[in-house]
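Below is one structure, written out as structure tokens; the observations come after it.
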Amino acid sequence: MKKIISLFALFFILNSCSLDEGGPKYTFELTPIVSVDIPTEFTLGETYPITVHYNRPTTCYLFNQLYYEKNLNIRTIAVENAIKESDYCTDLTGDEAAAEYTFNFYVTSNGSYIFKFYQGKDENGQSLFLEYEVPVTN
């Protein structure tokens, strides 16, 4: 009898819990970077702010994280937005669409750094980048 009651209790507990709480759902998308504020040169051992400017197409685009990939002295950077699935998104244009994100870059090696900022895809589906080469001085 205890086994039957335990089985019913387990069945009730598992059916009363739901992983889908009915909250907002999100998809994620890399958003093209329009422009960048970046120094023209670095000094070894120093930290510099770098600001990326991008546009949010609607009010449902929310900054999620900065995609940042390192390969030797090459840095590939993109803005990842979380897009809230909602019927109440408002289109944004002009100044209201403009957004920015600033991160700190610590200079750890000599030579030059090459920064590749994601700008979307071309008609063939190839990624486009805004590139800057920044020399390091001592």
Side-chain angles (χ1 to χ4, degrees):
M1 183 72 164
K2 284 185 180 182
K3 286 183 182 181
I4 293 174
I5 292 174
S6 295
L7 216 86
F8 278 120
L10 183 61
F11 178 76
F12 177 74
I13 290 170
L14 291 175
N15 283 325
S16 66
C17 296
S18 171
L19 295 177
D20 182 14
E21 297 294 326
K25 292 184 169 90
Y26 295 89
T27 57
F28 299 91
E29 179 180 295
L30 295 180
T31 304
I33 293 172
V34 176
S35 64
V36 180
D37 298 331
I38 188 169
T40 56
E41 66 179 28
F42 293 140
T43 301
L44 185 63
E46 296 293 322
T47 300
Y48 296 88
I50 297 174
T51 302
V52 295
H53 301 271
Y54 62 98
N55 290 320
R56 295 179 11 200
T58 73
T59 55
C60 288
Y61 277 68
L62 309 167
F63 179 84
N64 184 54
Q65 68 179 349
L66 191 69
Y67 171 85
Y68 187 87
E69 180 182 300
K70 297 189 317 185
N71 181 10
L72 301 174
N73 275 15
I74 299 172
R75 302 296 184 265
T76 304
I77 299 166
V79 171
E80 181 184 88
N81 276 286
I83 305 162
K84 183 178 178 180
E85 294 178 13
S86 172
D87 294 333
Y88 303 103
C89 300
T90 305
D91 288 342
L92 298 174
T93 59
D95 288 344
E96 64 183 4
E100 64 182 38
Y101 181 79
T102 301
F103 64 97
N104 288 320
F105 180 74
Y106 179 67
V107 182
T108 59
S109 66
N110 291 319
S112 292
Y113 282 92
I114 296 173
F115 290 87
K116 297 170 65 173
F117 296 96
Y118 179 76
Q119 288 199 297
K121 296 190 180 247
D122 66 12
E123 61 278 352
N124 297 319
Q126 298 295 314
S127 294
L128 302 171
F129 295 95
L130 179 61
E131 293 189 27
Y132 291 92
E133 184 171 350
V134 182
V136 177
T137 61
N138 290 334

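What you see is a predicted model; the values in this text were computed from it and never measured.
- Residues Val134 and Glu41 share a closest heavy-atom pair of CG1-CA, 3.6 Å.
- Relative ring orientation between Phe117 and Tyr132 is described as perpendicular, the plane-to-plane angle rising above 60° on a 0-90° scale split at 30° and 60°.
- The distance from the CD atom of Glu69 to the NZ atom of Lys116 is 8.5 Å, given to the nearest 0.5 Å.
- Side-chain contact check for Tyr106 and Glu46: no donor-acceptor pair (N or O, by modelled atom type) lies under 3.5 Å.
- Between Cys89 and Ser86, the closest heavy-atom pair is SG-O, 3.6 Å.
- Asn64 and Glu80 are linked by a side-chain donor-acceptor pair at a separation below 3.5 angstrom, with hydrogens and angles left out of the test.
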Under the ring pair (Phe, Tyr, Trp, His ring centres under 6.0 Å) criterion, do Tyr48 and Phe42 qualify, and how do the steps go? CA-CA 8 Å; Tyr48 296 88; Phe42 293 140; 4.9 Å; yes
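- In this structure, Tyr54 and Tyr101 approach most closely via the heavy-atom pair CE2-N, 4.3 Å.
- No continuous path of hydrophobic side-chain contacts links Leu130 to Leu30 [ILVMFWY only; heavy atoms under 4.5 Å].
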Run the side-chain contact (heavy atoms from CB on, under 4.5 Å) check on Lys70 and Arg75 step by step: do they pass? CA-CA 5 Å; Lys70 297 189 317 185; Arg75 302 296 184 265; 3.5 Å; yes
Check the pair Asp37, His53 against side-chain contact (heavy atoms from CB on, under 4.5 Å), reporting the backbone distance first and the verdict last. CA-CA 8 Å; Asp37 298 331; His53 301 271; 2.9 Å; yes
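- Residues Val79 and Ile77 share a single hydrophobic cluster, defined by chaining ILVMFWY side chains whose heavy atoms lie under 4.5 Å apart.
- Nearest heavy atoms, Ser127 versus Lys121: OG-NZ, 3.8 Å.
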Trace of the side-chain contact (heavy atoms from CB on, under 4.5 Å) decision for Leu92 with Thr59: CA-CA 7 Å; Leu92 298 174; Thr59 55; 3.7 Å; yes
Assess the residue pair Asn104 and Thr47 against the criterion (side chain to side chain donor-acceptor pair (under 3.5 Å)); give the C-alpha distance rounded to whole Å, side-chain angles, the decisive distance to 0.1 Å, and a yes or no. CA-CA 6 Å; Asn104 288 320; Thr47 300; over 6 Å; no
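- Asn81 CG to Leu62 CG: the interatomic distance, rounded to the nearest 0.5 Å, is 7.0 Å.
- One hydrophobic cluster holds both Ile33 and Ile38 under the rule that ILVMFWY side chains link at heavy-atom gaps under 4.5 Å.
- Under the 3.5 Å distance criterion, the side-chain polar atoms of Arg56 are matched with a main-chain donor or acceptor of Tyr61.
- Summarising the local packing, OH of Tyr88 is surrounded by 12 or fewer heavy atoms from other residues, nucleotides or ligands at distances under 6.0 Å.
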Mind running side-chain contact (heavy atoms from CB on, under 4.5 Å) on Glu85 and Thr27 for me, showing each step along the way? CA-CA 8 Å; Glu85 294 178 13; Thr27 57; 3.3 Å; yes
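- Contact between Ala82 and Tyr26 at its shortest, heavy atoms only, is CB-CD2, 3.9 Å.
- Asp122 contributes a side-chain N or O that, together with a main-chain N or O of Asn124, makes up a donor-acceptor pair within less than 3.5 Å.
- Residues Thr58 and Asp91 bring no donor and acceptor atom of their side chains to less than 3.5 Å of each other.
- When all heavy atoms of Tyr113 and Val107 are compared, the pair lying nearest together is CE1-CG1, 3.8 Å.
- Looking only at atom types and distance, the side chain of Ser112 has no donor-acceptor partner in the side chain of Asn73 under 3.5 Å away.
- Counting heavy atoms from C-beta outward, Thr76 and Asn71 have side chains that stay 4.5 Å or more apart.
- Using bins of under 30°, 30° to 60° and over 60° for the plane-to-plane angle, the ring pair Phe115/Phe105 lands in the perpendicular bin.
- In this structure, Tyr118 has its ring center no closer than 6.0 Å to that of Tyr67.
- Linking ILVMFWY side-chain heavy atoms closer than 4.5 Å, directly or via other members, places Ile114 and Leu128 in two distinct hydrophobic clusters.
- Once rounded to the nearest 0.5 Å, the distance linking CD of Glu133 with OG1 of Thr40 reads 12.5 Å.
- Residues Val36 and Val136 are members of one and the same hydrophobic cluster, defined by side-chain heavy-atom contacts under 4.5 angstrom among Ile, Leu, Val, Met, Phe, Trp and Tyr.
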